[in-house]
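Here is the structure we will look at, set down as structure tokens.
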Amino acid sequence: MDSGKIIARVKAILTTPKTEWPVAAAEPATVNSLFTGYILILAALPAVAAFIKGSLIGTSAFGITVRDSIGGGITRMVLGYLLSLVVVYLMALIINALAPTFGGQKDMVQALKTVAYAWTASWIAGIAVIVPWLGWLVALAGAIYGVYLLYLGLPQTMKCPTEKSAGYTAVSVIIAFVLSWIVGAIVIGVVGTAAFTGAAMGGMHVTGSNGDSVTIDGNSAMGQLAAMGKRAEQASKDMEAAQKSGDSAAQSAAMGKMMGAMAGTDGNVEALAPDQIKAFLPDSLGNLKRSSLSAQRNKAMGMQISEASADYSADNGQHLTLEVSDTGGAKGLMSLASAMAPEEEKQTEHGYEKTYSAGGNLVHEAWDTQSKYGEYSVVVGKRFTVKATGNVDGIDQLKQAVGSVDLSRLESLKDAGVKAN
């Protein structure tokens, strides 16, 4: 996968679609190359952005901020991402099947090109859900522009008469809407309800007046997406070889490798066992005694997530909850989320809320002076999340609660359970 080519294609299809569609249609490609070299990369962007918004930043209204749990957010991110890939392929099948109806020519590779490049606007605009209040408008604009791209692309890729492109587009959009609604219903049923900025696509440096030279910082979000694409490309080759061999064991192993590549890891990752992760939670926090303790390890689409939670309380009415989460098999996506998360701070009448990086870790804190309720959370080793929430004297008490967890030891386990495929 060539990151420079992806960037160039995104730029061209969004800014000069009328001249770019003929170029894209004429390019040699396969279903495999389109997925590994383009779709897997861009489809991850809105999924990660939704996780950042839902679990790290949250939704605020009337001075109240609501966030998903880290485990629930990761499950939604992984499940939504994988299902979106399924929808892309289904839409390509449908567009291919409809081609003769609208005077076009059936070609599965061209149909997949149509979906991939028409949906580029929606994938890029999907990052904007991070932006408070106005993000949904950008996402909506991206979806609308995607319809226009589809209208322009169908005559080039599927060879339908231009006068029939509007009807072809309308039918395709209706089907896509239904499929997307079904996917949303599945995600909600499994895990519950739930800006294209420099931070999101940082690490890209272009030199030269014509922009031909592109350098990608491997530690940036774009660099991590590029690495994800390379892993997926190799995994797809292994899968093709396994399918040709007819060896069911090899096919199963290749599928596991592909799942790992989609999640941004080098192999299958086993999350910490419940007993292991709950051991990080202390028996007491100052004058607050532990009143309950629970831990669990769940699996979503083959990705393991572990969570441990303990409640602490005192006779003076203070109480807090301390949580430790291991993103396990989705640690690659979690790393990407850390790279994409914006740094921001806002003040309210009764407190503040901010997200920032400290010592290489992503940190979020919020405090309300009126209710004396707050949250302090930190992402450790781009895999683990430690969070304290509750009614206490001040934010420092929540920071101390997080500090009571052995963060250095937790970070030393960032590669624990990684199994090479």
Side-chain angles (χ1 to χ4, degrees), residues 1 5-18 20-21 23-25 27 29-50 77 80-99 107-129 135-158 160 165 168-184 187 195-196 200-201 225 228-229 232 262:
M1 183 211 65
K5 288 184 178 179
I6 291 180
I7 296 167
R9 173 51 48 79
V10 168
K11 180 180 178 181
I13 203 69
L14 294 181
T15 59
T16 57
K18 289 184 178 180
E20 186 64 14
W21 270 117
V23 174
E27 286 178 349
T30 64
V31 169
N32 176 63
S33 68
L34 287 169
F35 263 102
T36 59
Y38 195 84
I39 297 169
L40 285 176
I41 308 303
L42 293 187
L45 296 176
V48 172
M77 174 173 61
Y81 173 51
L82 296 180
L83 287 175
S84 72
L85 299 178
V86 173
V87 170
V88 167
Y89 190 72
L90 288 176
M91 277 305 305
L93 289 174
I94 291 168
I95 285 176
N96 193 44
L98 288 173
D107 186 319
M108 185 56 191
V109 172
Q110 294 291 0
L112 188 57
K113 283 184 184 179
T114 306
V115 179
Y117 300 141
W119 285 20
T120 297
S122 183
W123 285 329
I124 295 297
I127 302 173
V129 297
W136 68 274
L137 287 175
V138 179
L140 179 60
I144 294 172
Y145 192 63
V147 174
Y148 173 65
L149 292 178
L150 180 62
Y151 169 74
L152 293 179
L154 286 170
Q156 302 296 330
T157 54
M158 306 312 294
C160 73
S165 180
Y168 200 170
T169 299
V171 173
S172 300
V173 168
I174 292 171
I175 295 172
F177 176 81
V178 173
L179 286 176
S180 298
W181 182 86
I182 292 172
V183 167
V187 173
F196 190 20
M201 298 294 285
L225 283 170
M228 185 189 300
M262 289 179 179

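Starting from 1, each residue takes its place in the sequence as its number.
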Query raised in the report: Would Ile39 and Tyr89 count as a side-chain contact (heavy atoms from CB on, under 4.5 Å) if you check the C-alpha gap in whole Å, the side-chain angles of each, and the deciding distance to 0.1 Å?
Result: CA-CA 10 Å; Ile39 297 169; Tyr89 190 72; over 6 Å; no
Kindly write out the residues that satisfy side-chain contact (heavy atoms from CB on, under 4.5 Å) with [X], not counting sequence neighbours, or none if the list is empty.
X	answer
Ala8	none
Ala92	Met108, Ala111, Leu112, Val115
Val147	Thr169, Val173

Which value, rounded to the nearest 0.5 Å, describes the distance between [X] atom [atom1] and [Y] atom [atom2]?
X	Y	atom1	atom2	result
Leu90	Leu85	CG	CG	11.0 Å
Gln110	Ile95	CD	CD1	12.0 Å
Thr120	Leu45	OG1	CG	10.5 Å

Give the minimum heavy-atom separation between [X] and [Y], together with the two atoms involved.
X	Y	value
Ala29	Lys113	CB-CE, 3.8 Å
Ile6	Gly37	CD1-O, 3.1 Å
Asp107	Val109	OD1-N, 3.1 Å
Cys160	Tyr168	SG-CD1, 3.8 Å
Gly146	Ala121	N-CB, 4.1 Å

Side-chain contact test, heavy atoms from C-beta onward, threshold under 4.5 Å: evaluate it for [X] versus [Y] and give yes or no.
X	Y	value
Trp119	Met91	yes
Val10	Trp123	no
Leu93	Asn96	no

Query raised in the report: Where do Leu42 and Tyr117 land on the side-chain contact (heavy atoms from CB on, under 4.5 Å) test, with the steps shown first?
Result: CA-CA 10 Å; Leu42 293 187; Tyr117 300 141; over 6 Å; no
For residues 150-158, which side-chain donor-acceptor pairs fall under 3.5 Å, sequence neighbours excluded?
{"residue": "Thr157", "atom": "OG1", "partner": "Thr114", "partner atom": "OG1", "Å": "2.6"}
{"residue": "Thr157", "atom": "OG1", "partner": "Gly153", "partner atom": "O", "Å": "3.1"}

**Report entry** Residues Arg9 and Glu27 bridged, charged N to O under 4.0 Å
**Finding:**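 A salt bridge is present here (some side-chain N lies under 4.0 Å from a carboxylate O).
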Requested in this report: Please list, chain by chain and in numerical order, all residues satisfying ring-ring contact (aromatic ring centres under 6.0 Å, His included) with Tyr148, sequence neighbours excluded.
Outcome: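 Listed in chain order: Tyr145.
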Report task. Under the side chain to side chain donor-acceptor pair (under 3.5 Å) rule, collect the residues that match up with Ser165, sequence neighbours excluded. Result ->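 Partners of Ser165 under the side chain to side chain donor-acceptor pair (under 3.5 Å) test: none.
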